[in-house]
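All values reported here derive from a predicted model rather than from experimental measurement. Numbers for residues simply follow the sequence, beginning at 1.
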Amino acid sequence: MRSLATPRLVATDLDGTALRTDGTVSPRTAAAFARVEETGAMLVFVTGRPPRWMSSVAGAVRHRGLAICANGALIYDLHTEQIVESHLITVEVLEQVVAQLRANVPELAFSVEYEGGFAHESDFPLGGWDSKAIGGLRVGAATLTSRPCAKLLALHPDMAPDPLHEAVCGLVGHLVTPTHSSGRGLIEMSAHGVTKATALAALAARHEIKPSQVVAFGDMPNDLPMLGWAGTSYAVANAHPDVLAAVDHVTAANNDDGVALVLEELYR
């Protein structure tokens with residue numbers, strides 16, 4: 001690891017990066033996060049997660065700081081557990097995107113993240129957390145697109161995420177910003193131009209922090225804009241090949257506290 005000036009801001013993805021595979025914050029990583037803030041630097045979680053999935057993380061870090069959620073669409077105060085800023089997909093655009101994708105890729109099923117909740121079509125298979133918490137919120141397409149949302153999700157039962165992402169970009173990339181962050185054929189779409197990088201850049205500017213004073217960590221394609229914007233970028237060893245190829249440095253895997261290893265060196 002080359003010698004780096006101590007960053008003023010640490011931006012890290014959560015799932016697959018700072019969190020272990022079981023979704024927990026290890027004691028070592030929690031201690032490293034605390035050390036960052038003790039030195040006066042800013043710690044920002046930059047995640048695809050919606051705010052409703054942030055309670056356990058907020059508790060593990062003692063409700064400190066801000067989180068950029070839903071790939072840049074929502075800014076979430078971990079202290080108050082309230083959304084403080086939103087960048088939403090409008091109803092008009094949402095309707096256009098769903099219609100265009102359904103006409104060209106009819107196998108897709110859709111769900112949406114609103115500012116205050118989640119809804120899904122009946123054929124959208126839910127993950128573990130959602131199937132337990134909100135499995136009853138099944139709606140038709142007209143209801144799904146009836147109000148602005150932070151994130152539109154499209155799931156294909158068979159396609160791999162990389163070719164599906166390419167197809168979705170070609171169909172609706174002029175209307176929304178598609179990305180992906182899992183091994184499934186699940187595409188996440190934000191309002192056009194909204195990414196982890198745009199939200200992080202705006203937050204840093206408000207605090208007069210330059211990109212050169214930021215270190216960022218990630219593992220999946222939805223992290224690429226943020227990693228490209230930050231002055232210093234790290235991928236964890238388990239990252240997507242495109243991420244490993246794009247960063248300045250590679251640290252240990254998420255289950256081996258790769259983020260903490262770097263932060264311990266930077267904030268001694």
Side-chain angles (χ1 to χ4, degrees), residues 11-15 44-58 65-78 80-101 108-121 124 126-127 129-130 133-135 137-155 161 165 168-169 172-182 184 186-203 206 218 220-226:
T12 183
D13 175 55
L14 291 174
D15 295 287
V44 183
F45 299 126
V46 190
T47 178
R49 285 188 177 207
R52 60 194 174 83
W53 286 8
M54 293 298 294
S55 293
S56 61
V57 176
L66 288 171
I68 294 170
C69 293
N71 294 326
L74 302 172
I75 309 300
Y76 188 65
D77 189 317
L78 293 174
T80 62
E81 297 196 35
Q82 296 290 321
I83 295 169
V84 296
E85 187 177 328
S86 303
H87 303 278
L88 305 180
I89 305 172
T90 66
V91 169
E92 180 183 11
V93 170
L94 193 56
E95 291 174 340
Q96 290 182 58
V97 170
V98 171
Q100 180 77 347
L101 291 177
L108 289 173
F110 295 94
S111 67
V112 294
E113 290 286 352
Y114 302 115
E115 284 182 286
F118 175 85
H120 63 95
E121 294 181 318
F124 189 96
L126 300 177
W129 285 15
D130 285 336
I134 54 171
L137 295 182
R138 296 184 178 93
V139 299
T143 302
L144 198 76
T145 60
S146 64
R147 59 188 174 110
C149 72
K151 185 163 65 168
L152 170 67
L153 299 102
L155 179 66
H165 177 253
V168 170
C169 284
V172 297
H174 61 296
L175 296 171
V176 290
T177 298
T179 188
H180 67 93
S181 62
S182 74
R184 299 191 296 165
L186 179 65
I187 303 303
E188 307 165 45
M189 290 164 270
S190 303
H192 192 260
V194 172
T195 67
K196 289 186 174 187
T198 59
L200 184 61
L203 180 62
R206 288 198 290 271
M220 291 298 286
N222 64 330
D223 296 315
L224 285 169
M226 170 181 73

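Side-chain contact between T179 and I187 is absent, with no heavy atoms from C-beta onward closer than 4.5 Å. The closest side-chain heavy-atom distance from P148 to T90 is not below 4.5 Å. Looking at heavy atoms from C-beta onward, F45 lies in side-chain contact with T12 at the 4.5 angstrom threshold.
Atom NZ of residue K196 and atom CE of residue M220 lie 10.0 Å apart, to the nearest 0.5 angstrom. Taking CE of M189 as the start and CG of L101 as the end, the distance is 5.5 Å to the nearest 0.5 Å. In this structure, CG on L108 lies 8.0 Å from CG on L155, to the nearest 0.5 angstrom. To the nearest 0.5 Å, atom CG of residue D15 and atom OG of residue S182 are 10.5 Å apart. A distance of 11.0 Å separates CE of M54 from CG of L74, quoted to the nearest 0.5 Å. Taking CD1 from I68 and CD1 from I75, the interatomic distance works out to 4.5 Å, rounded to the nearest 0.5 Å.
The nearest pair of heavy atoms linking Y76 to I83 is CD1-N, 3.8 Å. Across L144 and A119, no two heavy atoms sit closer than the pair CD1-O, 3.6 Å. Minimum heavy-atom separation, L175 to V93: O-CG1, 3.7 Å. A pairwise comparison of heavy atoms in M226 and D13 identifies CE-N, 4.3 Å as the closest pair. Nearest heavy-atom pair, D223 versus G218, reported as atom, atom and distance to 0.1 Å: OD2-CA, 3.4 Å.
Judged by distance alone, the side chains of N71 and E188 do bring a donor and an acceptor atom under 3.5 Å apart.
A donor-acceptor pair under 3.5 Å links the side-chain atoms of H165 to the main chain of P178, judged by distance alone. Side-chain N or O atoms of K151 include none that pairs as donor or acceptor with a backbone N or O of C69 at under 3.5 Å.
Residues forming a side chain to side chain contact (heavy atoms under 4.5 Å, CB included) with A109 (at least two apart in sequence, or on another chain): E121, D123, F124. Applying the side chain to side chain donor-acceptor pair (under 3.5 Å) test to E115 and every residue at least two apart in sequence or in another chain returns S86. Partners of P225 by side chain to side chain contact (heavy atoms under 4.5 Å, CB included), not counting sequence neighbours, listed by chain and number: T195, A197. For A191, the side chain to side chain contact (heavy atoms under 4.5 Å, CB included) partners two or more places apart in sequence, or in a different chain, are I89, V194. Evaluation of the side chain to side chain contact (heavy atoms under 4.5 Å, CB included) rule for T145 yields L94, E95, V98 as partners, not counting sequence neighbours. Partners of H87 under the ring-ring contact (aromatic ring centres under 6.0 Å, His included) rule, at least two apart in sequence or in another chain, do not exist in this structure.
Around atom CD of E85, more than 12 heavy atoms belonging to other residues, nucleotides or ligands sit under 6.0 Å away.
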